[in-house]
Engineer: 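Take a look at this one; I'll ask things after.
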Amino acid sequence: MTALDIQYSFIFFLIASYVLQFWLSRRNIKHIATHRGQVPEAFVDKISLESHQKAADYTIARNKFGLLELSFSTILLVIWTLGGGLQYLDDQIRVFNLSPIFTGVAVIIGLGVISGILDIPFSLYKTFVIEEKFGFNRQTIKMYFIDMIKQTIIMLIIGVPFLSFILWLMDDASPYWWLYVWGSWFGFSMLMMWLYPAVIAPIFNKFTPLDEPELKSKISNLLERCGFTSNGVYIMDGSKRSSHGNAYFTGFGNNKRIVFFDTLLNSLQHDEIEAVLAHELGHFKRNHIKKRIATMALMSLGGLALLAWLIDQSFIYEGLGVTQPSYYMALILFMLVTPVISIFLNPLFSLMSRKHEFEADEFAAQNTDANNLITALVKLYEENSNTLTPDPLYSSFYDSHPPAPVRIAHLSR
Ligand SMILES: [Zn+2]
């Protein structure tokens, strides 16, 4: 293989992934627009035409903007790689004559900062134009930038030492460096998952223990019935930023928590909250979290083994616009280029995720009343303006959750 082969393959995959994503989004927009005039039959008495059309308009607006983002990020990727952007950044930092590890850290931070700044207009538009227009945004510009500063500081405090350690392992030149990197990365991810609910999440939101006697006893009954112990049920002030509602499980081991957005708590009846919680418990009881961690571990092991082989092939760097090979460039190229290829695996991951959603729904139906979950889902899909009529192909490619009609049909069997 030569550098030119790499270059042509990269261009081929880049165009293929762009065309595929563009085509799927166009299909989705068209499909939703076609079904905009009529609430699907099964929902006629549950959802108003007005909500249905709002969901259609909201989804179409986000899809259209997504096309712009996709085009921008594709062009940017070409500039970083074939356009010589990465090499240029590396050259600028090499001038300072830092040690190889710190040069690597500086290049990666530089890349992160530049990408982050370029993303600001897109993220501002999404929050303050699209979300705002459909009445979901609750953030002020000030809050938005305070969040961003906090995130950057946390990233630097946690990320720089870890990144330095990873680059040090790679620099060590042991033939098994990739196994050490994998082990460290995995340990680090687990530590973050464990720390997140108690240490990081509270920096952004307030978590107050659930304190409604009737609901509390309902929930502890359910937890007991399902044999689940947690470190408490918390309410998060999600309404501070957005009126979208959600519920989730976080952490593991002795740091497990159940979190409800205050927005969700306000719109659902107690029986419905119980059913939603039972669904979340289902994810836990059916080992979905363990399966997800195992998949992540295997994928990253495979990825690093591949990287370990690629790192010594100088024609690959050259084919991707980097003239001066280094292990940190290998890491950066790997991170930037794999998504162009791994996007084709998306339907598989979506399928696995939707399978888990069905299993969690089934668990909820066994442990609570399925009808409560159905009414809760209808409310949630309606309040979050999730469309009831996505394009089936688009949905099977991207959706981690089955569309409401499919989910409810399963529950009503
Ligand atoms: Zn779920």
Side-chain angles (χ1 to χ4, degrees), residues 5-37 52-86 111 114-134 136 299 319-321 332-354 384-404 406:
D5 295 334
I6 295 295
Q7 193 172 336
Y8 288 154
S9 319
F10 174 58
I11 294 171
F12 170 78
F13 275 107
L14 192 67
I15 294 175
S17 75
Y18 178 80
V19 169
L20 175 68
Q21 292 177 80
F22 200 92
W23 177 70
L24 284 170
S25 279
R26 292 299 314 169
R27 272 185 70 108
N28 197 37
I29 291 169
K30 240 168 100 182
H31 195 271
I32 293 170
T34 314
H35 293 85
R36 188 180 179 278
H52 174 67
Q53 295 190 328
K54 182 187 169 193
D57 297 342
Y58 177 58
T59 315
I60 289 174
R62 289 203 310 173
N63 264 248
K64 281 189 174 161
F65 190 64
L67 289 177
L68 186 72
E69 273 186 303
L70 172 68
S71 307
F72 181 76
S73 64
T74 306
I75 294 168
L76 197 62
L77 181 57
V78 173
I79 295 175
W80 279 126
T81 53
L82 305 182
L86 283 174
L111 175 67
I114 297 171
S115 312
I117 291 173
L118 291 174
D119 184 57
I120 291 176
F122 291 96
S123 137
L124 281 174
Y125 187 86
K126 270 191 279 190
T127 309
F128 295 101
V129 179
I130 299 181
E131 294 291 300
E132 186 77 39
K133 185 180 162 197
F134 290 93
F136 292 122
M299 296 269 302
L320 295 171
I332 294 172
L333 284 174
F334 192 71
M335 296 295 209
L336 288 182
V337 173
T338 20
V340 172
I341 298 161
S342 64
I343 181 88
F344 295 97
L345 295 175
N346 224 45
L348 235 106
F349 293 119
S350 302
L351 188 70
M352 180 169 118
S353 171
R354 289 196 303 269
N384 287 320
S385 279
N386 286 322
T387 180
L388 298 173
T389 56
D391 172 53
L393 204 61
Y394 176 93
S395 176
S396 65
F397 195 91
Y398 288 111
D399 284 350
S400 60
H401 288 63
V406 184

Engineer: Got Leu24 and Leu20 here, is their nearest side-chain heavy-atom distance under 4.5 Å?
Structural biologist: yes

Engineer: Who pairs with Asp399 by salt bridge (charged side-chain N to carboxylate O under 4.0 Å, His left out), at least two apart in sequence or on another chain?
Structural biologist: none

Engineer: Is the NZ or CZ atom of Lys54 positioned over Phe136's six-membered ring, under 6.0 angstrom from the centre and within 45° of the axis?
Structural biologist: yes

Engineer: Please list all pairs passing the side-chain hydrogen bond (donor to acceptor under 3.5 Å, both in side chains) test where one or both residues lie in residues 8-25, with sequence neighbours left out.
Structural biologist: Tyr18-Ser71

Engineer: Could you check whether any side-chain heavy atom of Leu68 comes within less than 4.5 Å of a side-chain heavy atom of Lys64, counting everything from C-beta outward?
Structural biologist: no

Engineer: Quick check: do Val19 and Phe22 have side-chain heavy atoms less than 4.5 Å from each other?
Structural biologist: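 No. Closest side-chain heavy atoms not under 4.5 Å.
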
Engineer: Rounded to the nearest 0.5 Å, what separation is found between the CD1 atom of Ile114 and the CG atom of Leu76?
Structural biologist: 9.5 Å

Engineer: Tell me whether Met335 at atom CE has more than 12 heavy atoms from other residues, nucleotides or ligands lying less than 6.0 Å away.
Structural biologist: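 Open: at most 12 neighbouring heavy atoms sit under 6.0 Å from CE of Met335.
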
Engineer: Would you give the length of the straight line joining atom CG of Asp57 to atom CD1 of Ile130, rounded to the nearest 0.5 angstrom?
Structural biologist: 12.0 Å

Engineer: Take atom CZ in Arg27; do more than 12 heavy atoms of anything else shown fall under 6.0 Å from it?
Structural biologist: yes

Engineer: Sub-3.5 Å donor-acceptor pair from the side chain of Ser353 to the main-chain atoms of Phe349, do we have one?
Structural biologist: no

Engineer: Counting only heavy atoms not in Phe12 (residues, nucleotides, ligands), do more than 12 fall under 6.0 Å from its CZ?
Structural biologist: no

Engineer: Between His31 and Pro392, what is the shortest heavy-atom contact and its length?
Structural biologist: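 Closest approach of His31 to Pro392: NE2-CD, 3.8 Å.
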
Engineer: Considering all heavy atoms of both residues, which atom of Thr387 and which atom of Thr389 are nearest to each other, and what is their separation?
Structural biologist: OG1-N, 3.1 Å

Engineer: With side chain to side chain contact (heavy atoms under 4.5 Å, CB included) as the criterion, how do Leu82 and Phe10 come out once you've worked through the C-alpha distance, each side chain's angles and the decisive distance to 0.1 Å?
Structural biologist: CA-CA 10 Å; Leu82 305 182; Phe10 174 58; 4.0 Å; yes

Engineer: Please report the interatomic distance CG(Asn28) to CG(Leu393), rounded to the nearest 0.5 Å.
Structural biologist: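 If I round to the nearest 0.5 Å, the distance is 10.0 Å.
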
Engineer: Within a strict 4.5 Å, meaning less than it, do heavy atoms of the Asp391 and Phe397 side chains meet?
Structural biologist: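 When only atoms from C-beta onward are counted, Phe397 and Asp391 do not touch, as no gap falls below 4.5 Å.
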
Engineer: Between Asn63 (side chain) and Thr59 (backbone), is there a donor-acceptor pair under 3.5 Å?
Structural biologist: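 At least one qualifying donor-acceptor pair exists.
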
Engineer: Just say parallel, tilted or perpendicular for the rings of Tyr125 and Phe65, cut-offs at 30° and 60°.
Structural biologist: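 Tyr125 vs Phe65 ring planes: parallel.
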
Engineer: Decide yes or no for Glu131 and Tyr58: does some side-chain heavy atom of the first lie under 4.5 Å from some side-chain heavy atom of the second?
Structural biologist: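 They are in side-chain contact.
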
Engineer: Stepwise, does the side chain to side chain contact (heavy atoms under 4.5 Å, CB included) test hold for Leu67 with Ile29?
Structural biologist: CA-CA 11 Å; Leu67 289 177; Ile29 291 169; 4.2 Å; yes

Engineer: Roughly how far apart are Ile343 CD1 and Leu14 CG, rounded to 0.5 Å?
Structural biologist: 11.5 Å

Engineer: Please examine the side chains of Tyr398 and Pro390, heavy atoms only from C-beta on, and report whether any two atoms are closer than 4.5 Å.
Structural biologist: no

Engineer: For Arg36 and His52, work out which heavy atoms get closest and say how close.
Structural biologist: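 Heavy atoms of Arg36 and His52 come nearest at O-CD2, 3.3 Å.
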
Engineer: Just wondering, do Ile11 and Gln7 contact through their side chains at under 4.5 Å, heavy atoms?
Structural biologist: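 When only atoms from C-beta onward are counted, Ile11 and Gln7 do touch, with a gap below 4.5 Å.
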
Engineer: Do Phe134 and Arg62 have side chains that get closer than 4.5 Å, going by heavy atoms?
Structural biologist: no

Engineer: Quick check for you: to the nearest 0.5 Å, what is the distance between Leu86 atom CG and Ile79 atom CD1?
Structural biologist: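 Between Leu86 CG and Ile79 CD1, I get 11.5 Å after rounding to 0.5 Å.
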
Engineer: Drop me the distance from Leu118's CG to Ser73's OG, to the nearest 0.5 angstrom.
Structural biologist: 11.5 Å

Engineer: Keeping Ser350 on the side-chain end and Asn346 on the backbone end, is there a donor-acceptor pair under 3.5 Å?
Structural biologist: yes

